[in-house]
Amino acid sequence: MGGTEGVMAGKRVIAICQSGGEFDTDRDGFLSYKGGDAHAMEVDGKLDYNDFKMEVAEMFNCSLATMSVKYFLPGNRKTLITISNDKDLKRMIKFHGDSDTAEIYVMTEEAVDPDFSNMPGSRSSRTTLSEMAVPVEAPLSVVEDIVDDPNESGLLLDANFDVVGDTNNIDDTITIGAELPVPISFAAANYDEKNAKAAQQWQNDITGVGQRFNSVHEFRETLRKYAIANQFAFKYKKNDSHRVTVKCKAEGCPWRIHASRLSTTQLICIKKMNPTHTCEGAVVTNGYQATRSWVASIIKEKLKVFPNYKPKDIVNDIQKEYGIQLNYFQAWRGKEIAKEQLQGSYKEAYSQLPFFCEKVMETNPGSLATFTTKDDSSFHRLFVSFHASLYGFEQGCRPLLFLDSIFLKSKYQGTLLAATAADGNDGVFPVAFAIVDSESDDNWHWFLLQLRTALSICRGITFVADREKGLRESIAEIFQGEDVFHGYCLRYLSEQLIRDVRGQFSHEVKRLLVEDFYGAAYAPKPEGFQRCVESIRSISLDAYHWVMQSEPISWANAFFRGMRYNHMTSNFGELFYGWVSDAHDLPITQMVDAIRGKIMELIYTRRTESNQWVTRLTPFMEEKLEKESLRFSALHVLMPNGTKFEVQGDTIEVVDMDNCDCSCRDWGLTGLPCCHAIAVMGCLGRDPYDYCARYFTADSYRSTYSESIHPIPSLEKPRRKDASQAAVTVTPPPTRRPPGRPTTKKVGSHEVTKRQLQCSRCKGTGHNKSTCKEVITGTKECGLMVNEVIENPEVSDSKLSGDKKTLGGRYPVELVEDIHSFGVLRMRKILKFLELRSSSVKPEVIVTSTGNEKIQMEYDLL
């Protein structure tokens with residue numbers, strides 16, 4: 001490991017940094033960079049990412065906040081990889097280990113997306129050059145901001161003025177009522193020269209009569225910035241799709257501007273303007289035209305660099321930079337608009353699903369991408385499995401699949417169902433996933449049907465999954481005749497055990513129940529299983545019956561017939577679910593593509609790393625085999641004439657070399673030879689590597705990651721050759737995220753009741769010792785009452801003192817399991833104390849003639 005790091009630190013790459021150009025995509029989806037400036041710098045493994053980014057920023061004189069650095073993987077000119085931390089930088093150097101140079105692309109506000117600029121263009125022609133204009137004819141349902149929402153809090157209107165909507169879509173005049181939302185306040189006291197610096201660039205955006213704009217929307221946005229920079233508020237006299245008349249809000253101030261559309265064009269031209277202000281500006285005004293769309297335009301570029309930009313930070317930044325005080329929800333709404341501008345529309349993403357699925361299977365032959373809709377054409381479910389994942393699972397992974405789900409916190413909610421595998425190094429390998437409207441029996445059944453279709457070989461697969469949600473029935477039905485196995489997930493089983501068992505158990509008792517349950521599951525032999533379930537029986541008879549009726553043949557190692565390789569829970573794919581959590585806020589097609597990008601990068605990274613391995617097994621399995629090899633030196637092997645060998649150590653085990661099995665069962669459960677088997681192999685002169693499961697070899701690992709996932713270049717709708725072909729319509733699902741901020745409180749997996757006040761004197765609830773009024777009967781000369789012995793096995797050592805005493809107590813027969821739990825077998829802790837000072841301990845249970853049980857215990861002090 002240290003040698004690798006040394007090589008990394010010594011490797012130097014000449015980074016050719018380019019900025020100011022633009023990317024072109026050819027017919028095959030390959031990207032080429034044209035134009036711009038280029039600089040060169042030397043990069044090595046010792047260079048810190050922040051220093052690297054600072055040096056690049058100085059090269060091109062650009063801002064760190066709006067700059068991102070990207071590169072292509074060698075041999076892949078379709079996907080840009082982002083460098084965002086030290087680890088990414090070192091990976092870039094490592095990936096270019098066979099080359100002396102690496103091309104780096106510096107993306108800034110202009111370079112990343114030159115078509116989306118809110119800054120005014122050159123005034124030499126008195127015409128702004130912003131390309132962000134939207135044709136006035138566009139419907140309101142597509143472009144929200146063609147005509148600003150008159151109910152927005154940022155519009156300072158009163159009852160005397162009318163606002164006319166887009167005349168192409170709305171016939172009636174909208175009259176603004178007298179009751180308006182409170183405008184965004186602009187505190188004059190906070191608006192100092194420092195705050196004004198950010199807005200100074202807009203002071204001359206309005207130049208006068210004759211100035212032209214590409215659209216009415218562009219004129220409104222420019223006017224807002226001009227008002228903010230010059231510290232005055234305005235209100236609309238007329239405001240529609242072809243004319244805008246505005247005056248200063250201050251009473252008696254003559255400032256006024258009128259702009260209208262030039263005939264036969266979409267251009268808006270200022271026809272009249274009185275530039276004189278007689279008002280006191282910021283001193284007398286209490287608001288500016290800062291709408292949510294304006295907030296979106298301000299924060300959009302920063303949101304592109306920092307996707308987790310929080311509304312409270314937006315409020316603080318706009319206050320510092322522009323002196324405008326927003327509230328939380330104004331910032332949140334502005335962020336939502338900016339996100340939609342950057343990411344695209346959620347609604348549009350659903351309509352793209354048919355073309356998206358076609359593109360997935362077109363660019364990645366052998367993949368399966370399919371979707372279904374409900375009767376009303378609303379989205380129902382989407383299944384995606386890439387060829388590289390299917391091939392890697394079938395060629396290199398163990399026949400073991402983990403089925404689990406994760407809730408999506410997107411605009412339309414939903415659930416992601418996933419099937420993940422374990423590679424030869426025990427790493428997560430995503431195989432297939434689906435986005436469904438909810439986690440239901442029907443959706444799991446559909447997911448497994450698609451998975452069965454995608455897989456070419458299903459025989460011998462072991463599924464580790466919950467037994468609920470229809471999974472038990474669906475797996476048995478869909479994979480009938482394929483000799484597959486279903487191992488129940490211990491995590492879900494233990495949660496159900498705690499929910500189903502009667503009685504108010506403390507957290508400690510619940511922990512002991514789960515601990516014994518896991519012990520029973522992992523026990524390799526029936527004897528070990530029986531010991532653990534007997535321990536559960538000593539705690540609760542109900543829990544014991546539940547365990548025995550929960551089909552141990554489907555979850556206990558001692559009886560399970562499939563191969564789980566000691567993987568007992570279905571949440572193995574935590575890495576994959578982390579990717580989903582990072583992308584859940586994206587529109588559905590972008591979310592799937594983000595997951596695709598992560599899988600693509602994972603495959604490339606692990607393939608590159610494995611090419612450096614020199615061992616026969618993967619590093620993780622190599623380490624496990626080495627640990628087993630260290631244990632066989634203390635073992636003694638008896639050499640028989642046959643193929644079965646007796647190995648003596650702490651225990652006596654029998655190794656069957658022909659069947660690759662040992663009576664300890666570790667070899668069969670893990671796929672790696674146990675210490676007993678290695679001892680026999682040493683005596684026979686055989687190599688333990690020859691007896692390891694093939695899935696753990698480095699060659700199988702490389703086969704897992706041998707195929708690549710290809711990028712999906714675009715989602716342009718294909719032209720239908722046959723006019724009769726009807727395009728499939730997909731609309732968003734009816735379920736939407738409830739209003740308000742989602743809760744961040746995590747609900748525990750176990751049901752935990754609120755702890756009640758308990759009396760230490762009588763053990764009753766609802767009061768304490770000082771207010772206890774119960775009459776106590778029984779012996780208490782030794783400082784330990786009967787109730788304390790039976791109900792409180794954690795009693796302190798100091799209370800266990802005194803002469804020879806007999807302690808007794810009576811309980812109803814229906815509570816026999818509780819008496820067993822706390823009165824006899826669960827007194828183990830108390831007995832440990834007593835054994836330190838007692839010559840004899842005799843706990844016993846006596847059944848009286850009345851059907852009650854009496855617990856009696858005697859001990860003699862030493």
List in chain and number order the residues that pass side-chain contact (heavy atoms from CB on, under 4.5 Å) with Phe23, two or more places apart in sequence or in another chain; answer none if no residue qualifies.
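If we apply the side-chain contact (heavy atoms from CB on, under 4.5 Å) test to Phe23, skipping adjacent residues, the hits are Leu31, Tyr33, Phe72, Leu80, Tyr105, Met107.
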What is the minimum heavy-atom distance between [X] and [Y], and which atoms define it?
{"X": "Val295", "Y": "Leu326", "answer": "CG2-CD1, 3.9 Å"}
{"X": "Ile270", "Y": "Ala259", "answer": "CA-CB, 3.9 Å"}
{"X": "Met591", "Y": "Leu408", "answer": "CE-CD1, 4.0 Å"}
{"X": "Tyr350", "Y": "Thr731", "answer": "CB-C, 4.2 Å"}
{"X": "Asn85", "Y": "Asp88", "answer": "OD1-N, 2.8 Å"}
{"X": "Ser241", "Y": "Arg261", "answer": "O-NH2, 3.3 Å"}

According to the interplanar angle, ranging from 0 to 90°, do the rings of Trp579 and Phe576 count as parallel (below 30°), tilted (30 to 60°) or perpendicular (above 60°)? perpendicular
| request: Give me the ring orientation class for Phe232 and Trp255: parallel if the planes are under 30° apart, tilted from 30 to 60°, perpendicular past 60°. | output: tilted
Tested for side chain to side chain contact (heavy atoms under 4.5 Å, CB included) against Leu353, the lone hit among Ile435, Thr589, Val592 is Thr589
Q. Stepwise, does the side-chain contact (heavy atoms from CB on, under 4.5 Å) test hold for Val56 with Met41?
A. CA-CA 9 Å; Val56 172; Met41 63 180 291; 3.9 Å; yes
- Item | Under-4.0 Å salt bridge between Lys598 and Asp582 |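 The answer is no: the pair does not qualify as a salt bridge.
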**Message:** Check this for me: does any side-chain nitrogen of one of Glu336 and Arg333 sit under 4.0 Å from a carboxylate oxygen of the other?
**Reply:** no
Counting C-beta onward and ignoring hydrogens, is there a side-chain heavy-atom pair between [X] and [Y] closer than 4.5 Å?
{"X": "Met59", "Y": "Val106", "result": "no"}
{"X": "Ile588", "Y": "Phe379", "result": "yes"}
{"X": "Ser68", "Y": "Val305", "result": "no"}
{"X": "Lys53", "Y": "Met67", "result": "yes"}
{"X": "Asp317", "Y": "Tyr309", "result": "yes"}
{"X": "Pro430", "Y": "Ile595", "result": "no"}
{"X": "Arg381", "Y": "Leu417", "result": "no"}
{"X": "Met92", "Y": "Ile81", "result": "no"}

Passes side-chain contact (heavy atoms from CB on, under 4.5 Å), Phe407 versus Gln413? Steps please.
-> CA-CA 7 Å; Phe407 180 74; Gln413 300 184 324; 4.0 Å; yes
Check the pair Phe219, Ile257 against side-chain contact (heavy atoms from CB on, under 4.5 Å), reporting the backbone distance first and the verdict last. CA-CA 11 Å; Phe219 172 68; Ile257 190 170; 4.1 Å; yes
Walk me through it: do Asp48 and Asp86 pass the test side-chain contact (heavy atoms from CB on, under 4.5 Å)?
-> CA-CA 6 Å; Asp48 180 76; Asp86 289 325; 3.5 Å; yes
(message) Tell me whether the count of non-hydrogen atoms from other residues, nucleotides or ligands lying under 6.0 Å of NZ in Lys271 goes above 12.
(response) yes
So CD1 of Ile314 and CH2 of Trp332: to nearest 0.5 Å the spacing works out to 11.5 Å
Separation between CD1 (Ile83) and OH (Tyr71), nearest 0.5 Å, reads 6.0 Å
